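Encoded as structure tokens, the structure appears first; notes follow it.
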Amino acid sequence: MDYQDILNEIYEKVMSFKDRGIPASYIPELAHVNPENFGLHLRFNTGETYGVGAYHTKFSIQSISKALSLALASSFKNNEILKRLDVEPSGHPFNQLALLEIEHGIPRNPFINSGAIVIADILVSKLKNPKQDFLDYVRDITGDDTIDYDYKVAQSEKDTGHKNYAAAHLLESFGNLKNDVNEVLDFYFHQCSLHMSCTQITKAFYMFANRGKCVLNKTRLTEQRVKRINAIMLTCGFYDEAGEFAFEVGLPGKSGVGGGIAALLPEQFVISVWSPGLNKRGNSKLGMLALEQFTSKTQLSIF
Ligand code: DON
């Protein structure tokens, strides 16, 4: 199969779309991005790579980072993840608070915002210098020291992230936040502000497609943990659109409001796409379409 041809066909199709969705603006700094951008990168476990469009351009990975923070938190022995979080799809938007109150401060899963804030809290407890240590972890799994936070985006979310402050306080009221709200959210906003390209994302997610072994051949997750994180990506990675993504694309994955999506087929490949315009559920409109086209044309999905 000529994968480059397939990526080129997908590129042509998505670039012909007039309605590209709308970039997120609730984090004001994200609204500056050009919605015409589109990048796609494919990395097979064999080492072959293919790319099309702006796949070297860095963007705000936002919630894609939640898979990486979950991976780091899962790698500690005696972690409290399963005591403090559930692993069920929420069927509600990523920032919804009602369910958190009804379910007594136990987030439905680690990928909705409240769940990712609990994971951030666990990391703040475990790490000596949380922001630097998490950044070092991402640099380590990718073998790329140029990866950094976008401090303007982190500050922009700090200034406007009222629902995340509400979620953190609600968690605290139920005894499910151990550290100071401001410290946990400062870590969480930086984690979400990671500024990475599609090529860097396919490297970071390689360990999920390769039984826990990273691009530089170091093992950073057990096979059991990889299996579990991939299961959570499949069932919860796209919030109230997780069913639709499984139905259309058929891969475990994780989206972010910066318009990025990372997805993978265990033992085979990682694919990452970026198109900043979002659909109504906060997932990249053309990113989802491109991945649907890819798995339909290649018949490479878990189903
Ligand atoms: O907490 C937030 O709202 C953002 N930092 C991340 C949300 C996000 O990316 C949801 N994904 N589609």
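Counting starts at 1 for both ligands and their atoms, in listed order. All values below come from the heavy atoms of this structure, side chains included, with hydrogens, waters and symmetry mates left out. What you see is a predicted model, and the numbers here were worked out from it, not measured in a lab.
- Against a heavy-atom cut-off of under 4.0 Å, Gly282 is close to the following atoms of ligand 1: 12 (N).
- Lys254 forms a cation-pi arrangement with Phe111, by the criterion of a distance under 6.0 Å to the ring centre and an angle within 45° of the ring axis.
- Checked by atom type, the side-chain pair Asn113/Asn164 shows a donor-acceptor distance below 3.5 Å.
- With a 4.0 Å cut-off on non-hydrogen atoms, Tyr239 touches ligand 1 through its side chain and not its backbone.
- Annotation for ligand 1: atoms under 4.0 Å from non-hydrogen atoms of Gln62 are 4 (C), 5 (N), 6 (C), 9 (O).
- Only side-chain heavy atoms of Asn164 come within less than 4.0 Å of ligand 1; its backbone N, CA, C and O stay farther off.
- A donor-acceptor distance shorter than 3.5 angstrom exists from the side chain of Thr295 to the backbone of Val249, with no hydrogens or angles considered.
- Residue contacts with ligand 1 for Glu157 involve side-chain atoms from C-beta outward but no N, CA, C or O (heavy atoms, distance under 4.0 Å).
- For Asn113, the heavy-atom gap to ligand 1 drops under 4.0 angstrom.
- The atoms of ligand 1 that sit less than 4.0 Å from any heavy atom of Ser63 are 6 (C), 7 (C), 8 (C), 9 (O), 10 (C), 11 (N).
- Against a heavy-atom cut-off of under 4.0 Å, Val257 is close to the following atoms of ligand 1: 7 (C), 8 (C), 9 (O), 10 (C), 11 (N), 12 (N).
- For Cys192, every heavy-atom contact with ligand 1 shorter than 4.0 Å involves the side chain, none the backbone.
- Judged by distance alone, the side chains of Asn176 and Glu172 never bring a donor and an acceptor atom under 3.5 Å apart.
- Looking at ligand 1, you won't find any N or O of Lys66 less than 3.5 Å from one of its N or O atoms.
- The nearest protein atom to atom 1 (O) of ligand 1, hydrogens excluded, is given as Tyr188 OH, 2.6 Å; this is a heavy-atom distance.
- Within the 3.5 Å criterion, the main-chain N or O of Asp133 finds no donor-acceptor partner in the side chain of Asn129.
- In summary, the atoms of ligand 1 found under 4.0 Å from a heavy atom of Tyr26, numbered by their order in the structure, are 2 (C), 3 (O), 4 (C), 6 (C), 7 (C).
- Taking the six-membered ring where tryptophan is involved, the planes of Phe245 and Phe238 are essentially parallel, since the angle between them stays under 30° and well short of 60°.
- Take Glu223 and apply the salt bridge (Lys or Arg N to Asp or Glu O under 4.0 Å) test, not counting sequence neighbours, and it matches Arg211.
- Between Lys58 and Asp150 there is no salt bridge, since none of the side-chain N atoms of the basic residue sits less than 4.0 Å from a carboxylate O of the acidic one.
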